[in-house]
Amino acid sequence: MKVLISICLLFISLSIQAQGSIAGNFSPPKDFKWLIAYELTPNGERYSVDSAVRDGSFELEMPLTAQAGMYRLVYAVPQDEFYIDVIYNKKEYVKFNFNLQDGLTITNSEENKWYREYFSKITAAQDKLIEFYETNNEPNKEYTGIIKELNAIQTSFEEKHATTIAHKFIKANRSYIPSEFEDLETFLKNKKQHHFDHLAINDPVLQGSNFLTDKFASYVFSALPTDITTKEQLAIEVNKNVKTTAEFIKSTPIGFQERSMHQLWKIADVNDMPSVQDYIFKNHLKKLAIANNNQKLVDELELAARLRIGAVSPDITWQANGKKHSLLTMEEAENYLLVFWSSTCSHCLKELPALHEEVKEYDNLKIIAIGLEDDNVNWKEVSATLPGFNHAIALGRWESEYAHTFGIQSTPTYFILDSEKRFLAKPESDKEVVEFLEN
């Protein structure tokens with residue numbers, strides 16, 4: 001009898017701990033084959049479970065160890081582009097439909113519906129306020145109505161969903177709402193001043209999601225003076241905002257700080273703001289990555305800075321006619337072409353002779369061909385068939401100094417430099433090299 005009771009109690013215990021599932025349908029079915037669920041944590045994504053997608057349908061049985069929080073469902077690569085984030089609260093059976101054209105529709109999960117409904121409504125109301133300021137700068141009934149609507153939406157959702165995970169996001173998203181009419185300049189000043197008021201930066205659920213990093217990005221790149229007229233002024237103000245953000249999150253886990261600063265670095269990269277990238281890396285991100293034992297990130301970002309369009313190329317040296325030659329000291333030309341190749345690379349043996357023929361009439365072009373080789377035997381023979389090129393050799397192939405310095409992952413790889421030996425373009429083939437030079 002005692003054994004039976006123990007078994008029953010164990011069964012009841014396991015039932016209480018039993019986890020739910022996340023299921024759904026993808027369309028068009030042929031475009032989806034697999035799905036991986038990751039728990040979003042302050043230090044990054046943590047694998048949870050995966051599933052095949054069959055005829056557009058899937059079901060993820062969440063493991064007993066799965067914690068309540070935000071989960072990222074990755075359905076294609078690259079993983080940071082093709083994903084769906086959902087709340088998993090260990091109580092609800094989450095189900096949705098996802099269409100490549102129409103996006104996400106939650107079909108089962110009240111919490112995910114509340115979450116999406118709140119952000120849809122509050123964003124629409126905030127857009128109304130911005131539209132008002134674009135056409136008006138005087139108080140009227142429309143302004144009063146918009147302010148009332150913003151307050152009503154925010155208060156209603158905070159009160160109704162106080163015990164949910166969604167509430168963490170709803171409350172943290174409370175933004176500055178004027179109590180009475182303010183002109184645009186005053187509103188923007190107050191909005192910036194109160195940007196961080198409700199951000200619960202030490203909440204691990206918020207840290208794991210994109211919510212906080214998106215809020216930081218909004219502050220850094222949008223909370224700016226309206227009288228900026230030059231790129232230099234813009235960079236100065238953005239860097240000030242980066243510094244404020246770094247100070248605000250300094251008590252959070254190193255992994256979260258690193259991810260936040262890296263996100264700002266990537267946005268600066270997309271928006272062609274090299275001085276902001278350098279400021280973020282040198283003053284914040286590099287220190288954080290080292291503290292987080294992430295030397296790989298340091299190396300990647302240092303490589304990106306070296307090869308950035310507009311940066312002066314690292315030097316390359318070679319021997320010819322008994323003399324040492326150097327890229328940075330060679331005679332002036334309108335353009336310089338760097339070609340990283342190998343005498344054992346079939347693509348190189350096809351592209352380089354064709355390129356050699358195409359560019360032989362370009363008098364104001366200097367070409368340096370760097371052979372990534374194990375030895376110089378075959379290299380000597382093949383390079384001799386390409387007269388007019390300046391030939392350098394990098395023994396050690398992929399492990400050579402030049403391969404690391406220029407981040408060479410495949411051959412042939414091309415770089416075009418301007419007259420000051422700054423990176424101008426990175427063509428993908430010999431044909432793209434010719435097209436660029438012709439234009």
Side-chain angles (χ1 to χ4, degrees), residues 20-40 45 47-60 62 66 68-89 91-131 149-150 153-154 156-157 160-161 164-170 172-173 175 205-206 208-218 221-222 259 263 266-267 270-271:
S21 62
I22 301 174
N25 300 291
F26 286 105
S27 180
K30 63 181 179 60
D31 292 336
F32 301 89
K33 302 299 181 185
W34 51 268
L35 193 70
I36 305 175
Y38 295 92
E39 180 187 358
L40 299 182
E45 300 174 359
Y47 171 81
S48 182
V49 66
D50 61 74
S51 171
V53 178
R54 295 184 175 89
D55 297 323
S57 298
F58 77 93
E59 182 163 4
L60 293 165
M62 301 301 286
M70 187 70 77
Y71 281 75
R72 176 155 297 171
L73 311 181
V74 175
Y75 57 86
V77 290
Q79 293 193 173
D80 58 353
E81 293 183 23
F82 300 102
Y83 64 84
I84 299 165
D85 285 352
V86 297
I87 294 172
Y88 173 66
N89 59 19
K91 302 174 185 177
E92 292 185 304
Y93 170 56
V94 180
K95 191 170 184 180
F96 62 81
N97 294 325
F98 181 78
N99 186 293
L100 287 178
Q101 289 187 334
D102 303 324
L104 180 69
T105 302
I106 301 295
T107 58
N108 196 76
S109 171
E110 291 303 311
E111 185 158 354
N112 278 284
K113 289 180 180 178
W114 296 333
Y115 175 87
R116 293 177 61 79
E117 181 185 1
Y118 163 75
F119 279 100
S120 175
K121 288 184 174 181
I122 201 71
T123 300
Q126 290 169 340
D127 288 344
K128 288 181 184 178
L129 183 59
I130 297 302
E131 289 172 7
E149 182 181 8
L150 282 166
I153 294 170
Q154 188 66 40
S156 173
F157 275 87
K160 288 181 179 179
H161 311 300
T164 66
I165 295 172
H167 182 263
K168 296 174 180 287
F169 296 90
I170 293 168
N173 193 59
S175 61
V205 173
L206 297 184
S209 73
N210 286 345
F211 176 81
L212 289 175
T213 55
D214 287 347
K215 282 291 185 182
F216 301 153
S218 175
F221 295 98
S222 300
R259 186 159 56 85
Q263 175 71 1
K266 288 188 284 188
I267 294 173
V270 170
N271 289 279

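Between Asn108 and Phe96 the shortest side-chain heavy-atom distance does not fall below 4.5 Å. Using a 4.5 Å heavy-atom threshold, the side chains of Tyr71 and Asp85 count as separate. Between Phe119 and Asn173, the closest side-chain pair of non-hydrogen atoms falls below 4.5 Å.
The shortest non-hydrogen separation linking Gln79 to Val74 is CG-CG1, 3.5 Å. Nearest heavy-atom pair across Ala125 and Leu150 is CB-CD2, 3.5 Å. In terms of heavy atoms, Ala37 sits closest to Leu60 at CB-CD1, 3.9 Å. Closest approach of Ser109 to Glu92, counting heavy atoms only: OG-OE1, 2.9 Å. Smallest separation of non-hydrogen atoms from Phe98 and Leu100: CE2-CD2, 3.9 Å. Smallest separation of non-hydrogen atoms from Ala23 and Tyr93: CB-OH, 3.4 Å.
Here OH of Tyr38 is found 10.5 Å from OG of Ser48. Values are rounded to the nearest 0.5 Å. Atom NZ of residue Lys168 and atom CE of residue Met70 lie 11.0 Å apart, to the nearest 0.5 angstrom. Taking CD1 of Ile170 as the start and CD of Glu117 as the end, the distance is 9.0 Å to the nearest 0.5 Å. To the nearest 0.5 Å, atoms CG (Asn271) and NZ (Lys266) are separated by 13.5 Å. Summarising the geometry, atom CZ belonging to Phe216 is positioned 12.0 Å from atom CG belonging to Asn210; distances are rounded to the nearest 0.5 Å. Of the inter-residue distances, the one linking Ser209 atom OG with Leu206 atom CG reads 5.5 Å to the nearest 0.5 angstrom.
Counted within 6.0 Å of NZ on Lys113, heavy atoms from surrounding residues, nucleotides or ligands total more than 12; the atom is thus considered enclosed. Counting non-hydrogen atoms of other residues, nucleotides and ligands closer than 6.0 Å to CG of Asp80 gives a total above 12.
When atom types are taken as modelled, the side chain of Tyr88 and the backbone of Ser21 share no donor-acceptor pair closer than 3.5 angstrom. Using modelled atom types, one side-chain atom of Glu111 and one backbone atom of Ile165 make a donor-acceptor pair closer than 3.5 Å. Remark: the backbone N or O of Ala68 is not paired with any side-chain donor or acceptor of Asn89 at under 3.5 angstrom.
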task: In sequence, state the C-alpha distance, the side-chain angles, and the governing distance for Ile106 and Leu104, and then conclude on side-chain contact (heavy atoms from CB on, under 4.5 Å).
output: CA-CA 7 Å; Ile106 301 295; Leu104 180 69; 4.1 Å; yes
message: Using the rule given for side-chain contact (heavy atoms from CB on, under 4.5 Å), can you reason through Leu35 versus Asp50, listing the C-alpha separation, both sets of side-chain angles and the distance that settles it, and then say yes or no?
response: CA-CA 6 Å; Leu35 193 70; Asp50 61 74; over 6 Å; no
query: Run the side-chain contact (heavy atoms from CB on, under 4.5 Å) check on Phe82 and Val77 step by step: do they pass?
result: CA-CA 6 Å; Phe82 300 102; Val77 290; 5.9 Å; no
task: Decide ring pair (Phe, Tyr, Trp, His ring centres under 6.0 Å) for Phe211 and Tyr115; before the verdict, give the C-alpha distance in whole Å, the side-chain angles of both, and the deciding distance to 0.1 Å.
output: CA-CA 12 Å; Phe211 176 81; Tyr115 175 87; 8.4 Å; no
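Ring geometry, Phe26 versus Tyr75: the interplanar angle falls from 30° to 60°, so the pair is classed tilted.
Side chains of Thr213 and Gln263: no donor on one and acceptor on the other come within 3.5 Å.
Among residues two or more places apart in sequence or in another chain, the ring pair (Phe, Tyr, Trp, His ring centres under 6.0 Å) test is passed with His161 by Trp114, Phe157. Asn25 pairs by the side-chain contact (heavy atoms from CB on, under 4.5 Å) definition with Ser57, Lys95, Asn97, not counting sequence neighbours.
Annotation: cation-pi pair Arg72/Tyr83 present, NZ/CZ under 6.0 Å from the ring centroid and within 45° of its normal.
Just one of Gln126, Gln154, Lys215 meets the side chain to side chain donor-acceptor pair (under 3.5 Å) condition when paired with Ser175; it is Gln126.
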